[in-house]
Amino acid sequence: MKTGVIIISHGSKISSGNEGLLKIADMLRAMNRWDMVEPAFLQLAKPGLDEVVEKTVANGMERIVVVPLLLFKGNHVFKDIPEMLEKGRAKYPEVEFIYTNNIGADERIALIAADRIHEKLVERQFGEKGRLEQPQLIIDESFEIIDKLVNLENIPELHRPVIQRAIHATGDTEYAYNLLFSSNAVEAGIKALKEGKNIITDVNMVKAGISKKPVENFGGKLVCKIDDNLVADEAKRSGKTRAMIAMQFSLDEMQGGVVVIGNAPTALFELIDLIKKDKAKPALVIGIPVGFVGAVEAKAALKQISIPYITNDNRKGGSAVAVAIINAVIELAKKAR
């Protein structure tokens, strides 16, 4: 079913005042999760909701999801928009209309506000105190700031250091809310490492960032075959990416181990296929590839497998956050000895 999304908010007489909604529409389009995304305004600006509904239907959308980007539940949320949607349903009975909750007082909005406050205070205070140059002091202060910006009290204890390291590595506090852990995922990774199992990565950048010594002390090794000649030859012959072929060539080493994918959605798709065919049996999959093509879809597919996983549900990710996650698990394994 072709799905169109309409995001709606207040309008402004000044065109620059409407740019925020247009940019959010662009961000949603970039996620490539819906067939169409369009902005609409309630007042003072065009296009209005009726006009956008007409455009969306004309483009063949069979389902329209309307999202009010409004903080508070007032007449617009309870009365105006529902009345407009009833008109749409009457005019286009063949189209399914879905009305979501408004944005509301979401914790993530408070988090954004906290970020903005912190940024400005740091800017004002720059130069008032000496710069930190000692590595451990820098790390300690970074984690103190993270603890003040995000509230992890209700997060499972083993998840907290993973989330903190992900935020520390990326500077992105959103990881406090979008990292997804399957049941016993961190526990499975700790157990595998303590048993001396290997860590398989999709690219050398991920491999290079992982703490090698403790893994070797446990009896495991770091494996990345993307640059192997045999992998390159098979990729060229098959027309597949080297990251996909590297997963196929790493089956023996990954059994019972941890697979860390931070760059290539194709590697994650291939790993999932191998797991479904019962060829690959890792203990944990850290699947957090970054990108606009395939990343979100690969993560959605990962959530359908029975093997423990750590991932997120948007296009963000990358080598740095993948390394941060596995290094956090390694530190937990060291403490659990």
Side-chain angles (χ1 to χ4, degrees), residues 30-34 155-156 158-159 162-163 165-166 169-170 172 174-193 197-203 205-207 210 223-226 240-251 253-329:
M31 295 178 187
N32 200 29
R33 295 170 67 177
W34 307 281
I155 301 295
L158 287 178
H159 294 185
V162 177
I163 294 170
R165 277 181 171 262
T170 61
D172 188 349
E174 189 178 332
Y175 283 105
Y177 298 95
N178 70 22
L179 271 187
L180 304 174
F181 300 77
S182 68
S183 179
N184 297 317
V186 179
E187 292 88 340
I190 292 171
K191 183 174 183 293
L193 293 172
K197 303 299 183 182
N198 302 322
I199 297 175
I200 313 300
T201 71
D202 59 333
V203 294
M205 188 178 294
V206 174
K207 179 185 176 184
I210 297 174
V223 178
C224 181
K225 296 192 175 184
I226 197 165
K240 296 182 178 181
T241 68
R242 285 187 297 147
M244 295 175 70
I245 304 303
M247 289 295 111
Q248 296 175 11
F249 277 53
S250 303
L251 286 174
E253 291 91 344
M254 77 169 62
Q255 303 307 322
V258 180
V259 181
V260 185
I261 296 174
N263 183 271
T266 57
L268 185 53
F269 273 127
E270 183 65 23
L271 175 63
I272 292 166
D273 287 343
L274 293 168
I275 290 171
K276 288 180 177 178
K277 293 174 183 176
D278 210 29
K279 293 182 178 180
K281 296 180 180 179
L284 171 66
V285 177
I286 297 172
I288 197 153
V290 63
F292 293 94
V293 179
V296 173
E297 293 80 358
K299 294 167 186 176
L302 177 61
K303 289 184 283 185
Q304 304 304 313
I305 66 171
S306 58
I307 286 175
Y309 62 79
I310 301 173
T311 187
N312 65 348
D313 57 4
N314 58 37
R315 68 176 184 269
K316 292 184 179 182
S319 298
V321 67
V323 167
I325 291 170
I326 185 58
N327 279 340
V329 177

Give a yes or no on whether the backbone of [Y] and the side-chain of [X] come within a donor-acceptor separation of less than 3.5 Å.
X	Y	result
Thr201	Cys224	no
Asp202	Ala264	yes
Arg315	Phe292	no
Lys197	Lys191	no
Thr311	Leu180	no
Asn312	Asn178	no
Ser250	Glu253	no

For residues [X] and [Y], report the shortest heavy-atom separation together with the two atoms involved.
X	Y	result
Ser182	Pro308	OG-CA, 3.2 Å
Ser319	Val203	OG-CG2, 4.1 Å
Gly317	Val290	C-CB, 3.6 Å
Asn314	Lys316	OD1-N, 2.9 Å
Ala246	Lys225	CB-C, 4.0 Å
Gly256	Ala192	O-CB, 3.4 Å

Next item on the list: Might you confirm whether atom NZ of Lys279 has over 12 heavy atoms from other residues, nucleotides or ligands at distances under 6.0 Å?
Entry: no
Notebook entry, point to check: Is atom CE of Met205 surrounded by more than 12 heavy atoms (other residues, nucleotides or ligands) closer than 6.0 Å?
Noted result: no
Note to self: Are Ile163 and Phe181 packed together at the side-chain level, in the sense that at least one heavy-atom pair is separated by less than 4.5 angstrom?
What the structure shows: yes
Next item on the list: Report yes if some heavy atom in the side chain of Ile200 is under 4.5 Å from a heavy atom in the side chain of Pro282; otherwise report no.
Entry: no
Can you tell me how far the [atom1] atom of [X] sits from the [atom2] atom of [Y], to the nearest 0.5 Å?
X	Y	atom1	atom2	result
Ile275	Glu270	CD1	CD	10.5 Å
Ile286	Leu302	CD1	CG	10.5 Å
Lys207	Ile326	NZ	CD1	14.5 Å
Ile288	Lys299	CD1	NZ	5.5 Å
Leu284	Glu187	CG	CD	10.5 Å
Ile272	Tyr309	CD1	OH	10.5 Å

Item checked: From CA spacing to verdict: side-chain contact (heavy atoms from CB on, under 4.5 Å), Met247, Ile261 -> CA-CA 10 Å; Met247 289 295 111; Ile261 296 174; 4.3 Å; yes
Next item on the list: Any chance you could lay out the side-chain contact (heavy atoms from CB on, under 4.5 Å) test for Met254 and Val223, step after step, and finish with the verdict?
Entry: CA-CA 9 Å; Met254 77 169 62; Val223 178; over 6 Å; no
Next item on the list: Evaluate side-chain contact (heavy atoms from CB on, under 4.5 Å) for Ile245 paired with Arg242, printing each intermediate quantity in order.
Entry: CA-CA 5 Å; Ile245 304 303; Arg242 285 187 297 147; 5.6 Å; no
Notebook entry, point to check: What do the steps show when you test Val258 against Val329 for side-chain contact (heavy atoms from CB on, under 4.5 Å), and what is the final call?
Noted result: CA-CA 10 Å; Val258 180; Val329 177; over 6 Å; no
